[in-house]
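Written below as structure tokens is the structure these notes are about.
Quick note: residue numbers are just sequence positions, from 1. Keep in mind it's a predicted model, so treat the numbers as computed, not measured.
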Amino acid sequence: MRELYDIAVVGGGASGLAAALSAAKQVEQMKQPLHVVLLEGNARIGKKLLATGNGRCNLTNQNIAAAHYHGDRKLAAPVLERCPPKKILKFFEELGLLCRELDEGRIYPYSLQAASVLDILRQQAEQYGVEILCDCPVSRAARQKNGFTLVSNERTIQARRVILATGGLAYPQLGANDSGHRMVQALGHSVTPLHPALVQMKTEPKRAKPLKGMRSMAEAILWCDGKELQRSAGEVQFTEHGLSGICMFELSRNVEPLLRKNRKLEVSLDLLPEYTEQSIFQMLCKTAEKLPQLPGADLMSGLLNKTVGREILRLAVPDLPQAAHGFRTGQLRAAARMAKAFCFPITGVMPWSSAQVTAGGVPLQELCMDTMESNRCRGLYLTGELLNIDGDCGGFNLHWAWSTGLIAGKACAASLEKKR
Ligand SMILES: Cc1cc2nc3c(=O)[nH]c(=O)nc-3n(C[C@H](O)[C@H](O)[C@H](O)COP(=O)(O)OP(=O)(O)OC[C@H]3O[C@@H](n4cnc5c(N)ncnc54)[C@H](O)[C@@H]3O)c2cc1C
């Protein structure tokens with residue numbers, strides 16, 4: 001371990017690894033060596049990276065655009081333009097990682113193993129001389145005359161430049177914590193309110209429990225005080241607490257702030273989006289006529305997941321007939337209506353331990369977007385989820401992490417070159 005480093009990167013996740021590598025690679029163009037250290041609080045780097053994309057690491061998306069981001073997305077646009085997916089793919093290809101595109105523009109390592117991404121990043125970082133120190137949680141960062149002092153356990157580390165890549169609060173079980181937010185605030189930054197995003201939504205237990213474990217394709221709408229707020233389509237997973245699945249994650253971002261303002265939220269699911277209410281009604285009439293002895297509770301089993309169909313009939317038809325022949329027209333209409341708008345009151349979202357990403361963070365106007373350098377504290381660079389930007393599901397968050405890491409690492413190294 002050295003007394004003084006040129007660059008200390010705090011956080012060995014996606015953006016920290018990209019930043020450390022990008023800084024260290026600049027040495028090839030510089031006349032003198034550059035001492036880069038990566039400080040990670042966990043016993044290993046990249047723990048969250050290994051969990052991404054269900055262990056497959058959806059590392060970017062062909063459809064990168066500001067419209068897929070939330071928070072300070074206007075300010076983020078130039079970063080996304082400078083780092084389109086092809087630039088990220090080139091970065092990985094040069095490191096020796098092949099990638100492949102699967103559904104909806106999602107890009108994964110060719111091996112479909114997140115471990116391939118982490119292995120390549122770690123090996124290349126070591127190859128380029130980055131010193132990696134694990135079990136090194138940084139608790140304090142102070143600006144000094146010629147750089148920074150970082151405090152970790154009993155150690156004090158001096159660095160001329162610092163890249164803070166400590167991530168957000170999502171998934172604390174993998175090391176996420178608020179130390180980065182506290183450090184940036186101590187260095188003069190603000191942090192917008194933080195709340196979980198890409199997370200399961202909670203409904204009333206009596207509505208969730210009967211459907212626990214079921215899955216259905218649906219077109220979902222989030223309603224706020226009776227007005228449509230947002231739509232998403234895909235597979236909905238019914239859980240013990242409420243609604244999950246990618247399309248629910250996409251609707252979850254604004255739930256917590258809206259509930260804090262006492263707004264009434266509801267999700268409605270259209271479980272048969274290709275069919276009109278009238279055509280579903282006609283199908284139910286036909287089934288009741290052709291199969292008069294079919295148990296009443298199973299009338300929808302040819303249309304929907306059996307448990308979901310039964311729950312719709314239980315809720316929509318209070319005096320459920322024993323057999324199909326007993327249905328009255330009004331009851332069949334009510335069942336058809338509910339298949340098109342199966343509604344769930346939303347009571348909250350699951351906690352940070354279930355969230356994939358953090359909404360909120362350091363406002364982008366407090367940084368120079370060409371370099372990711374703080375404009376409140378010279379020599380400090382900020383990357384990744386620590387910032388007030390979060391993306392949709394599909395590789396958008398890792399894309400932001402790589403892009404900001406690459407920009408910060410390069411700019412940080414270049415700033416030292418200028419000084420020499
Ligand atoms: C389960 C799960 C699946 C996901 N899947 C995807 C996906 O497939 N595609 C996608 O685009 N996004 C995905 N994401 C989101 C994505 O992983 C994050 O947005 C991204 O990793 C953020 O990168 P980062 O570098 O900002 O932070 P992180 O990757 O979280 O890295 C931060 C690192 O800093 C360390 N650290 C924190 N504080 C300190 C400190 N004080 N001192 C030293 N070290 C510290 C942490 O231990 C951590 O290693 C997923 C998230 C989760 C939780």
Output the distance between atom [atom1] ([X]) and atom [atom2] ([Y]), rounded to the nearest 0.5 Å.
| X | Y | atom1 | atom2 | answer |
| --- | --- | --- | --- | --- |
| Lys209 | Lys212 | NZ | NZ | 8.0 Å |
| Gln144 | Gln158 | CD | CD | 6.5 Å |
| Leu380 | Cys412 | CG | SG | 9.5 Å |
| Cys134 | Asn42 | SG | CG | 8.0 Å |
| Tyr5 | Leu150 | OH | CG | 11.0 Å |
| Ile88 | Glu93 | CD1 | CD | 13.0 Å |

Is there a donor-acceptor contact under 3.5 Å from the side chain of [X] to the main chain of [Y]?
| X | Y | value |
| --- | --- | --- |
| Ser279 | Tyr275 | no |
| Asn177 | Gly175 | yes |
| Ser116 | Ser111 | no |
| Asp72 | Leu364 | yes |
| Ser15 | Trp402 | no |
| Ser179 | Ser139 | no |
| Asp225 | Arg263 | no |
| Arg56 | Pro109 | no |
| Asn58 | Thr60 | yes |
| Thr192 | Gly361 | yes |

Carboxylate-amine/guanidinium contact Glu235 Arg215, below 4.0 Å =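 Counted as a salt bridge, because a side-chain N and a carboxylate O are separated by less than 4.0 Å.
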
Between Arg44 and Glu40, is the closest basic N to carboxylate O distance under 4.0 Å?
->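 No, Glu40 and Arg44 are not salt-bridged.
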
Do [X] and [Y] have side-chain N/O donor and acceptor atoms under 3.5 Å apart?
| X | Y | result |
| --- | --- | --- |
| Gln278 | Arg333 | yes |
| Glu204 | Thr347 | no |
| Gln200 | Ser354 | no |
| Ser415 | Arg161 | yes |
| Glu385 | Thr358 | yes |

Starting from the C-alpha separation in whole Å, work towards a yes-or-no answer on side chain to side chain contact (heavy atoms under 4.5 Å, CB included) for Glu131 and His35.
-> CA-CA 8 Å; Glu131 193 175 329; His35 298 292; over 6 Å; no

Establish, yes or no, whether a centroid distance under 6.0 Å links the rings of Phe396 and His68.
->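 Between Phe396 and His68, the centre distance is under 6.0 Å.
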
When you measure from the centre of the six-membered ring of Tyr108, is the NZ or CZ of Arg100 under 6.0 Å away and within 45° of the axis?
->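 The answer is no; the distance or angle limit is not met.
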
Quickly, which of Leu406, Leu387, Leu164, Ile163 forms a side chain to side chain contact (heavy atoms under 4.5 Å, CB included) with Met372? Name it, please.
->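 Among the candidates, only Leu387 passes.
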
Looking at Leu97, Ile45, Leu17, which hits side chain to side chain contact (heavy atoms under 4.5 Å, CB included) with Leu121?
->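 So the option named by the test is Leu17.
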
Apply the test side chain to side chain contact (heavy atoms under 4.5 Å, CB included) to residues Glu311 and Phe342: give CA-CA distance (whole Å), side-chain angles for both, the deciding distance (0.1 Å), then the verdict.
-> CA-CA 10 Å; Glu311 183 64 0; Phe342 192 19; 4.1 Å; yes

Chi angles and distances behind the side chain to side chain contact (heavy atoms under 4.5 Å, CB included) call for Leu251, Ile221 = CA-CA 8 Å; Leu251 300 183; Ile221 302 178; over 6 Å; no

When Gln62 is tested against each of Glu104, Arg106, Glu101 for side chain to side chain donor-acceptor pair (under 3.5 Å), which residue passes?
->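 Going through the options one by one, the only one that passes is Glu101.
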
Taking all non-hydrogen atoms of both residues, which atom of [X] and which atom of [Y] are closest, and how far apart?
| X | Y | value |
| --- | --- | --- |
| Ala220 | Val267 | CB-CG1, 4.4 Å |
| Val130 | Ala20 | CG2-O, 3.8 Å |
| Ile407 | Asp370 | CG2-O, 3.3 Å |
| Ser374 | His189 | OG-NE2, 2.7 Å |
| Leu332 | Cys285 | CD1-SG, 3.8 Å |
| Phe344 | Thr203 | CB-OG1, 3.8 Å |

Partner residues of Phe91 under the ring pair (Phe, Tyr, Trp, His ring centres under 6.0 Å) criterion, sequence neighbours left out |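 Per chain and number, Phe91 pairs via ring pair (Phe, Tyr, Trp, His ring centres under 6.0 Å) with no residue.
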
Which is it for Ser190 and Glu366 under the side-chain hydrogen bond (donor to acceptor under 3.5 Å, both in side chains) test, yes or no, and what are the steps along the way?
-> CA-CA 8 Å; Ser190 61; Glu366 296 180 9; 2.4 Å; yes

Is it the case that more than 12 heavy atoms not belonging to Gln127 sit under 6.0 Å from its CD atom?
->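 No - once you tally the heavy atoms of other residues, nucleotides and ligands closer than 6.0 Å, there are 12 at most.
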
Given Ile64 and Tyr69, is the side chain to side chain contact (heavy atoms under 4.5 Å, CB included) satisfied, shown in steps?
-> CA-CA 9 Å; Ile64 293 297; Tyr69 290 85; 3.8 Å; yes

Determine, stepwise, if the pair Lys340 / Glu277 fulfils salt bridge (charged side-chain N to carboxylate O under 4.0 Å, His left out).
-> CA-CA 7 Å; Lys340 292 293 288 174; Glu277 188 183 312; over 6 Å; no

Find out whether Ile107 and Leu89 are in side-chain contact, i.e. whether some heavy atom of one side chain is under 4.5 Å from a heavy atom of the other.
->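 A side-chain contact under 4.5 Å exists here.
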
Any side-chain heavy atom of Asn61 within less than 4.5 Å of one from Pro85?
->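 Asn61 does not reach Pro85 side chain to side chain.
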
Using salt bridge (charged side-chain N to carboxylate O under 4.0 Å, His left out) as the criterion, list what pairs up with Glu250, not counting sequence neighbours.
->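 Salt bridge (charged side-chain N to carboxylate O under 4.0 Å, His left out) list for Glu250, sorted by chain: empty.
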
